[in-house]
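What follows is a set of notes on a single structure, which appears directly below.
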Amino acid sequence: MNVPSMNSAPQVLNELTSRLATFTPELQKAAAHVLENANLVSITSIRTMAQGAEVKPNTLVRMARALGFDGYEDFRKPFREQVIRGREDFPDRARWLQSLSKGGKLSSLYAEMASASIENIEGLFSETSATALKEVADAIVKARVTYVLGVGFANAIASNFAYLASMAGSSIVAIPRNGSLPVDDLARMEKGDLLIAMTFKPYRREVVEGVELARAQGIEVIGISDSPASPILVRADRRFVVPTETPQFFPSTVALTALFETIMAFVVAEAKPDVISNIERFHQRRHEFGIYWKEETK
């Protein structure tokens, strides 16, 4: 392997994502299939992977060489090593989840929801790192204004993140705001601003276009999506893949919420000492204004 810096599966996938837009259409098909099915790389033959991607096996070889590997088998090594290391086994949790499924249809659904939520959280934190989150926190602290772009359920999470950040005095704005389009706020971006954009399958056009607009203005973009092949992750400077699997119709937001809560914790940890004072003062005023309910004493 000619690229010693890529000694882990996440690093390989990150590099593949970065290079995706520069590949030929055939290589893009192969790379997108690998990104979408990274869990199969270590256990699936090159022929089977090629069939799944609807390309020739040699296309996967060319994709691996484009990344600096000697061949496809060399490309697979980090993925095999990850499987060998494996994840921690949780036998007690497995028995607990099995016990939840007893008792009928809703009990089974309850167990499936619990299992999916736990797996999504594990998937998020196993594929990112404290270093990556610290870099995001540093970028937010340094930014003149941080715009958090999300539509649908993602907008509610963006709004909550901006609300929490306001307690610490950070300049974070959730967009689009009521009655406006994302472009209305993105047009106000200046050098030194930061855009955090998120969209999940099926990907929203206004978010993809918003990322393109930000990049055209020289704005740093942090992308959050559910697949390494997502159109906003291909265009982003920093990327986070958030699992959203769930037995219900709507995508799960458990891992997405955990990601933003962790980013917020890092922002507070990395901010100046007066940030804690701002938060304490904010809550003190809320107590003084009688916002919180208290049992009246007689």
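For the numbers below, each heavy atom of this structure counts, side chains included, while hydrogens, waters and symmetry mates do not. What you are looking at is a predicted structure, and each value in this text was computed from that prediction instead of being measured.
The structure places CE of Met189 at 11.5 Å from OG1 of Thr146, a figure rounded to the nearest 0.5 Å. Once rounded to the nearest 0.5 Å, the distance linking CG of Asn160 with CG of Leu164 reads 4.5 Å. To the nearest 0.5 Å, atoms CE (Met198) and OG (Ser230) are separated by 12.5 Å. Residue Ile232 holds its CD1 atom at 7.5 Å from CD1 of Ile224, rounded to the nearest 0.5 Å. From Lys29, atom NZ reaches atom CZ of Phe23 across 15.0 Å, with rounding to the nearest 0.5 Å. Here the straight-line distance linking atom NE2 of His33 with atom CD of Glu36 works out to 9.5 Å at 0.5 Å rounding.
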side-chain hydrogen bond (donor to acceptor under 3.5 Å, both in side chains) between Ser45 and Thr48: does it pass, once the steps are laid out?
CA-CA 5 Å; Ser45 69; Thr48 302; 3.0 Å; yes
Steps toward salt bridge (charged side-chain N to carboxylate O under 4.0 Å, His left out) verdict (Arg177, Asp185)
CA-CA 8 Å; Arg177 298 184 239 203; Asp185 288 291; 2.8 Å; yes
Could you go through Ser252 and Thr246, starting from their C-alpha distance and side-chain angles, then the distance that decides it, and tell me whether this counts as side-chain hydrogen bond (donor to acceptor under 3.5 Å, both in side chains)?
CA-CA 6 Å; Ser252 171; Thr246 176; 5.5 Å; no
Walk me through it: do Thr17 and Leu35 pass the test side chain to side chain contact (heavy atoms under 4.5 Å, CB included)?
CA-CA 8 Å; Thr17 300; Leu35 290 169; 3.5 Å; yes
Assess whether salt bridge (charged side-chain N to carboxylate O under 4.0 Å, His left out) is satisfied between Glu81 and Arg76, documenting all intermediate values.
CA-CA 9 Å; Glu81 289 171 1; Arg76 294 177 70 187; over 6 Å; no
Derivation of the side chain to side chain contact (heavy atoms under 4.5 Å, CB included) call for Arg239 and Asn14
CA-CA 8 Å; Arg239 310 169 188 88; Asn14 189 58; 3.3 Å; yes
Run Leu27 and Thr59 through side chain to side chain contact (heavy atoms under 4.5 Å, CB included) and show every step you take.
CA-CA 6 Å; Leu27 286 182; Thr59 304; 3.8 Å; yes
After noting the C-alpha distance and the side-chain angles of Ile43 and Phe79, does the key distance pass the side chain to side chain contact (heavy atoms under 4.5 Å, CB included) rule?
CA-CA 9 Å; Ile43 60 173; Phe79 296 89; over 6 Å; no
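Considering only residues two or more places apart in sequence or on other chains, Ala255 meets the side chain to side chain contact (heavy atoms under 4.5 Å, CB included) condition with Asn120, Leu124, Val242, Pro243. Partners of Ile121 by side chain to side chain contact (heavy atoms under 4.5 Å, CB included), not counting sequence neighbours, listed by chain and number: Phe125, Val254, Ala258. For Ala156, there are no side chain to side chain contact (heavy atoms under 4.5 Å, CB included) partners two or more places apart in sequence or in a different chain.
The aromatic rings of Phe75 and Tyr72 sit parallel to each other, their planes meeting at less than 30°, with 60° as the upper class boundary.
In this structure, Lys201 places its NZ atom where more than 12 heavy-atom neighbours from other residues, nucleotides or ligands lie under 6.0 Å away. No more than 12 heavy atoms of other residues, nucleotides or ligands shown are found within 6.0 angstrom of CD on Glu245. Within a 6.0 Å sphere centred on CD of Glu54, heavy atoms belonging to other residues, nucleotides or ligands number 12 at most.
Between Phe266 and the options Lys134, Glu261, Glu135, a side chain to side chain contact (heavy atoms under 4.5 Å, CB included) holds for only Lys134.
With a 4.5 Å cut-off on side-chain heavy atoms, Asp237 and Arg215 count as touching. A heavy-atom distance below 4.5 Å is not found between the side chains of Leu233 and Phe240. Using a 4.5 Å cut-off on side-chain heavy atoms (C-beta onward), Arg62 and Asn58 make contact. Contact annotation: the side chain of Arg47 approaches that of Gln51 to within less than 4.5 Å [non-hydrogen atoms, C-beta and beyond]. With a 4.5 Å cut-off on side-chain heavy atoms, Val241 and Asp226 do not count as touching. Between Val173 and Val148, the closest side-chain pair of non-hydrogen atoms is not below 4.5 Å. Within the 4.5 Å cutoff, the side chain of Phe250 has no heavy atoms near those of the Thr244 side chain. Here the side chains of Ile219 and Tyr147 are not in contact, with every heavy-atom distance at 4.5 Å or above.
A salt bridge between Arg238 and Glu220 is present, with a side-chain N of the basic residue lying under 4.0 Å from a carboxylate O of the acidic one.
Neither Leu213 nor Leu194 shares a network with the other; the hydrophobic side chains, linked directly or stepwise wherever heavy atoms of I, L, V, M, F, W or Y lie under 4.5 Å apart, form separate groups for each. Residues Leu149 and Ile157 do not share a hydrophobic cluster, clusters being chains of Ile/Leu/Val/Met/Phe/Trp/Tyr side chains in contact below 4.5 Å. No single ILVMFWY cluster, assembled from side-chain heavy atoms under 4.5 Å apart, contains both Tyr203 and Ile222. Cluster membership check: Met63 shares its hydrophobic cluster with Phe69, using side-chain heavy-atom separations under 4.5 Å among Ile, Leu, Val, Met, Phe, Trp and Tyr. Residues Val145 and Tyr163 do not share a hydrophobic cluster, defined by chaining ILVMFWY side chains whose heavy atoms lie under 4.5 Å apart.
Residues Pro228 and Val234 come closest through the heavy atom pair O-CG2, 4.5 Å. Residue Gly210 comes nearest to Leu186 through the heavy atom pair CA-CD1, 3.4 Å, listed as atom of the first residue, atom of the second, then distance. Among all heavy-atom pairs drawn from Ile46 and Leu60, the shortest one is O-CD1, 3.5 Å. The two residues Ser42 and Asn39 have their closest heavy-atom pair at OG-O, 4.2 Å. Contact detail for Leu20 and Ala229: the closest heavy-atom pair is CD2-CA, 4.4 Å. Summarising the geometry of Pro176 relative to Gly150, their closest heavy-atom pair is CD-O, 3.5 Å, with the distance given to 0.1 Å.
Put simply, the side chain of Thr199 gets close to the backbone of Arg204: a donor and an acceptor are under 3.5 Å apart. For Thr253 (side chain) and Leu256 (main-chain N/O), no donor-acceptor pair under 3.5 Å exists by modelled atom type. In this structure, the side chain of Asp193 engages the main chain of Glu190 through a donor-acceptor pair within 3.5 Å.
Glu15 and Ser18 share no donor-acceptor pair across their side chains, judged by distance under 3.5 Å alone.
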